[in-house]
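This structure is a prediction, so every number in the text was calculated from the model and none was measured. Numbers here are sequence positions counted from 1.
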Amino acid sequence: MRDYRWLHEYCLNRFGSVEALEARLPQPRGEVELRAVTDDRYLSLMALRVFRAGLKHSLVDAKWPAFEEVFFGFDPQKVVLMSAEHLERLMQDTRLIRHLGKLKSVPRNAQFVLDAAREKGSFGALVADWPVTDIVGLWKYLARHGNQLGGLSAPRFLRMVGKDTFIPTDDMVAALKAQGVIDKAPTSQKDLAQVQAAFNQWHAESGRPLCQLSVMLAHTVNH
């Protein structure tokens with residue numbers, strides 16, 4: 001595995017200047033900002049990620065004001081009380097994406113948010129305090145305790161809320177294979193640990209957040 005200098009030089013050559021490269025890179029939120037996000041906003045973004053999965057994002061986003069309305073602004077204290085009969089009635093609401101499994105995930109994830117807030121003080125505290133050097137551990141935690149947050153949904157949700165994370169997209173996986181970090185998509189704990197270790201090394205060498213390293217790495221794949 002090559003060090004960060006190769007990655008930086010490759011991306012500079014591809015985009016032509018430091019300014020052009022930096023303009024393409026995301027900026028994660030800091031711990032204070034993550035803590036300031038309220039539990040209802042975390043639940044809303046969690047639900048948005050679940051409904052976006054497998055669908056065109058713009059389609060889901062256009063319907064989101066209606067979701068905000070029927071789910072009480074995603075107040076977890078209210079959403080957690082929604083009955084199965086209430087959710088069945090929502091299946092008749094043409095403003096929504098009528099997928100019963102995904103609708104059911106919202107009150108289940110409301111309970112997850114409330115449980116985390118009870119333990120940590122807020123869901124934002126859980127997200128903010130989790131070390132990025134074990135971000136795959138947070139993916140696992142979200143998948144285990146949340147509903148429909150497996151696969152890429154956990155890292156994509158974290159990117160949406162601004163938590164620093166890499167995302168194992170097809171391009172990033174191809175780049176990691178080319179660097180000899182892994183030889184297949186990282187689904188096992190062993191492979192995920194190897195990917196985390198590689199990112200931790202590049203993070204230590206560069207001082208860059210994981211999300212920027214992730215995007216830079218994806219751009220090393222030729223299209």
Side-chain angles (χ1 to χ4, degrees), residues 1 4 7-8 10-11 14-15 21-31 33-34 37 42 44-58 60-61 105 109 123 126-128 130-223:
M1 182 181 76
Y4 168 74
L7 180 60
H8 186 247
Y10 185 100
C11 289
R14 176 157 185 174
F15 297 111
L21 170 60
E22 296 297 335
R24 289 181 172 265
L25 301 180
Q27 291 289 344
R29 282 175 163 166
E31 290 185 12
E33 292 177 287
L34 291 167
V37 178
Y42 277 111
S44 176
L45 288 170
M46 197 179 294
L48 179 59
R49 174 55 227 160
V50 169
F51 276 91
R52 276 181 174 181
L55 294 175
K56 190 175 182 180
H57 291 186
S58 59
V60 181
D61 295 353
S105 77
N109 282 330
F123 194 84
L126 167 71
V127 174
W130 202 286
V132 297
T133 51
D134 179 36
I135 200 64
V136 297
L138 183 52
W139 300 356
K140 183 178 178 181
Y141 185 91
L142 291 169
R144 184 170 69 247
H145 295 282
N147 189 260
Q148 298 210 23
L149 292 176
L152 291 183
S153 285
R156 289 195 185 280
F157 161 68
L158 292 175
R159 180 68 61 83
M160 289 165 67
V161 303
K163 177 68 174 178
D164 191 19
T165 186
F166 53 86
I167 301 176
T169 61
D170 290 345
D171 283 349
M172 203 197 80
V173 169
L176 291 171
K177 288 179 181 178
Q179 292 302 306
V181 176
I182 50 176
D183 56 14
K184 62 183 185 302
T187 54
S188 70
Q189 291 304 306
K190 177 183 177 183
D191 287 344
L192 287 170
Q194 290 174 324
V195 175
Q196 180 79 69
F199 272 89
N200 289 350
Q201 176 184 320
W202 292 323
H203 173 66
E205 290 170 350
S206 67
R208 284 191 180 276
L210 305 184
C211 60
Q212 294 186 0
L213 294 167
S214 179
V215 171
M216 291 171 71
L217 198 64
H219 279 303
T220 67
V221 177
N222 292 319
H223 295 282

Among Ser214, Cys211, Pro155, which residue satisfies the side-chain contact (heavy atoms from CB on, under 4.5 Å) criterion with Thr165?
Pro155
If only atom types and distance count, is the side chain of [X] paired as donor or acceptor with the main-chain N or O of [Y] below 3.5 Å?
| X | Y | answer |
| --- | --- | --- |
| Asn109 | Gly146 | no |
| Arg49 | Met160 | no |
| Glu33 | Gly30 | yes |

Leu158 and Leu142: CA distance, side-chain angles, deciding distance, side-chain contact (heavy atoms from CB on, under 4.5 Å) verdict
CA-CA 10 Å; Leu158 292 175; Leu142 291 169; 3.9 Å; yes
Any chance you could lay out the side-chain contact (heavy atoms from CB on, under 4.5 Å) test for Val132 and Lys163, step after step, and finish with the verdict?
CA-CA 9 Å; Val132 297; Lys163 177 68 174 178; 4.1 Å; yes
For Met172 versus Ile167, what's the shortest heavy-atom pair and its separation?
SD-O, 3.2 Å
Closest non-hydrogen atom pair, Leu25 against Arg208
CD1-NH1, 3.4 Å
Qualifying residues under side-chain contact (heavy atoms from CB on, under 4.5 Å), relative to Lys184, sequence neighbours excluded:
Asp191
Please lay out, stage by stage, how Gln196 and Phe166 fare under the test side-chain contact (heavy atoms from CB on, under 4.5 Å).
CA-CA 9 Å; Gln196 180 79 69; Phe166 53 86; 4.1 Å; yes
side-chain contact (heavy atoms from CB on, under 4.5 Å) for Ile135 and Leu138? Distances and angles first, verdict last.
CA-CA 5 Å; Ile135 200 64; Leu138 183 52; 4.0 Å; yes
For the ring pair His8 and Tyr4, is the centre-to-centre distance below 6.0 Å?
yes
Do Leu213 and Ser206 come close enough that some side-chain heavy atom pair is under 4.5 Å?
yes
So do Gln179 and Leu7 actually touch side chain to side chain, heavy atoms under 4.5 Å?
no
Whether Phe199 and Trp202 hold their rings parallel, tilted or perpendicular, with breakpoints at 30° and 60°:
perpendicular
